[in-house]
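Since the structure comes first, as structure tokens, the remarks are kept for the end.
Since this is a predicted model, take the numbers as computed values, not measurements.
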Amino acid sequence: MDILQVESPRVNTTDVVVPRVAVFRKEHFNAAHRLHNPNWSDEKNERVYGKCNNPHYHGHNYELIVQVAGPVDPETGYVIDMKYLGDLIKEHVTERFDHKNLNLDTEEFADLNPSAENIAIVIYNILRNLLSDSLDLKIRLYETERNFVEYPVA
């Protein structure tokens, strides 16, 4: 009679679950813009954009929330160093857009309507190129206290 041996279950160390956490950095910048489609008549621009089509521009106090999600580094305990993230935002976003006329003073909006949606996408693209591929990025931009956009969606 053969003796059956039962092996103890093996633990696969490659299947370690690394927690993912979202961290947030809030920043602020002031900028002027005009929403205007040059392919439309003045009447249509006024009808679609209203006060935002003011030919003399208008300004907003933008609140920017940058969300970065990823694995927690077991050595540092960080998803990302918040000082580093703050410095990236300051150098590449707030210094670029703060106290600027987005239509006239920035190359990003020379031919792109600076709606809150487009501003969020531009900020996302700037920061996405500066972060590790292992990190997820989301931008929330408040144009007013009650109006905000988020990119990407999902």
Side-chain angles (χ1 to χ4, degrees), residues 6-39 45 48-54 57-154:
V6 177
E7 291 185 18
S8 60
R10 295 186 181 164
V11 176
N12 184 349
T13 57
T14 61
D15 291 339
V16 174
V17 176
V18 177
R20 290 179 61 82
V21 174
V23 298
F24 301 81
R25 177 73 183 201
K26 185 176 182 181
E27 296 290 345
H28 176 89
F29 64 96
N30 302 311
H33 70 158
R34 178 187 188 202
L35 300 182
H36 183 80
N37 185 329
N39 298 318
N45 273 292
V48 172
Y49 297 122
K51 292 179 183 177
C52 294
N53 184 245
N54 181 341
Y57 306 91
H58 69 282
H60 293 283
N61 299 316
Y62 291 97
E63 291 290 337
L64 171 65
I65 299 175
V66 176
Q67 175 185 330
V68 177
V72 175
D73 183 312
E75 291 183 17
T76 65
Y78 292 161
V79 170
I80 187 170
D81 181 328
M82 295 298 270
K83 169 84 170 82
Y84 173 73
L85 180 59
D87 290 345
L88 281 180
I89 297 166
K90 181 179 180 185
E91 179 181 348
H92 298 281
V93 178
T94 56
E95 288 181 359
R96 188 183 229 144
F97 299 137
D98 190 36
H99 286 86
K100 299 288 189 332
N101 180 316
L102 298 177
N103 301 77
L104 302 177
D105 300 333
T106 66
E107 63 185 55
E108 291 83 2
F109 298 104
D111 297 312
L112 180 64
N113 215 356
S115 63
E117 294 87 341
N118 283 334
I119 297 168
I121 293 168
V122 165
I123 292 170
Y124 174 90
N125 289 333
I126 290 168
L127 294 176
R128 178 71 271 168
N129 291 327
L130 301 171
L131 296 172
S132 166
D133 290 340
S134 68
L135 299 173
D136 296 328
L137 175 65
K138 184 173 280 191
I139 301 299
R140 179 176 283 181
L141 182 69
Y142 286 82
E143 188 173 70
T144 70
E145 193 173 282
R146 294 180 292 183
N147 297 334
F148 65 94
V149 298
E150 193 171 78
Y151 180 79
V153 178

Open item on the list: Would you say that Cys52 contacts His58 through its side chain, given a criterion of any heavy-atom pair below 4.5 Å between the two side chains?
Closed with: yes
Task: Full working for side chain to side chain contact (heavy atoms under 4.5 Å, CB included) between Leu131 and Leu88 - done: CA-CA 9 Å; Leu131 296 172; Leu88 281 180; 3.9 Å; yes
TODO: Answer yes or no: are there more than 12 heavy-atom neighbours, outside Asp133 itself, under 6.0 Å from its atom CG?
DONE: no
Side-chain donor-acceptor distances from residues 145-153 under 3.5 Å, at least two apart:
{"residue": "Asn147", "atom": "ND2", "partner": "Thr144", "partner atom": "OG1", "Å": "3.4"}
{"residue": "Glu150", "atom": "OE2", "partner": "Arg140", "partner atom": "NE", "Å": "3.0"}
{"residue": "Glu150", "atom": "OE2", "partner": "Arg140", "partner atom": "NH2", "Å": "2.7"}

TODO: Could you tell me the separation between the CG atom of Leu64 and the CD1 atom of Ile89, rounded to the nearest 0.5 Å?
DONE: 6.0 Å
Task: Closest non-hydrogen atom pair, Tyr49 against Asn113 - done: OH-ND2, 2.9 Å
Open item on the list: Could you measure the distance from the CD1 atom of Ile139 to the CG atom of Leu127? Nearest 0.5 Å is fine.
Closed with: 5.0 Å
Open item on the list: Could you measure the distance from the OG1 atom of Thr106 to the CD atom of Glu108? Nearest 0.5 Å is fine.
Closed with: 5.5 Å
TODO: Considering non-hydrogen atoms only, spot the tightest contact between Arg128 and Leu137 and give its length.
DONE: N-CD2, 3.6 Å
Open item on the list: Quick one, Val68 with Leu85, criterion side chain to side chain contact (heavy atoms under 4.5 Å, CB included). Give me CA distance, side-chain angles, the key distance, then yes/no.
Closed with: CA-CA 9 Å; Val68 177; Leu85 180 59; 3.9 Å; yes
Open item on the list: Between Asn118 and Pro114 (side chain of the first, backbone of the second, donor and acceptor by atom type, cut-off under 3.5 Å), is there such a pair?
Closed with: no
Task: Backbone of Asn39 reached by a side-chain donor or acceptor of Asn37 within 3.5 Å - done: yes
Open item on the list: Could you check whether any side-chain N or O of Arg96 sits under 3.5 Å from a backbone N or O of Lys100, counting only pairs where one atom can act as donor and the other as acceptor?
Closed with: no
TODO: Would you please name every residue forming a ring-ring contact (aromatic ring centres under 6.0 Å, His included) with Tyr78, sequence neighbours left out?
DONE: none
TODO: Return the minimal non-hydrogen interatomic distance between Phe97 and Leu102, and the atom names on each side.
DONE: CD2-CD2, 3.8 Å
Name each donor-acceptor pair under 3.5 Å that joins a side chain in residues 20-29 to protein atoms two or more places apart or in another chain, with its distance.
{"residue": "Arg20", "atom": "NH2", "partner": "Asp136", "partner atom": "OD2", "Å": "2.5"}
{"residue": "Arg25", "atom": "NE", "partner": "Glu27", "partner atom": "OE2", "Å": "2.7"}
{"residue": "Arg25", "atom": "NH2", "partner": "Glu27", "partner atom": "OE2", "Å": "3.1"}
{"residue": "His28", "atom": "ND1", "partner": "Tyr62", "partner atom": "O", "Å": "3.2"}
{"residue": "His28", "atom": "ND1", "partner": "Glu63", "partner atom": "OE2", "Å": "2.9"}
{"residue": "His28", "atom": "NE2", "partner": "Asn30", "partner atom": "OD1", "Å": "3.1"}

Task: Heavy-atom closest contact (Asn53 atom, His36 atom, distance) - done: ND2-ND1, 3.0 Å
TODO: Please answer whether the main-chain N or O of Tyr57 pairs with a side-chain N or O of His33 as donor and acceptor at a distance below 3.5 Å.
DONE: no
Task: Smallest separation among heavy atoms of Pro71 and Ser134, with atom names - done: CD-O, 3.8 Å
- [ ] Enter the distance from Glu143:CD to Ile119:CD1 here, rounded to the nearest 0.5 Å.
- [x] 6.5 Å
Open item on the list: Please determine whether the number of non-hydrogen atoms from other residues, nucleotides or ligands lying under 6.0 Å from atom NZ of Lys90 exceeds 12.
Closed with: no
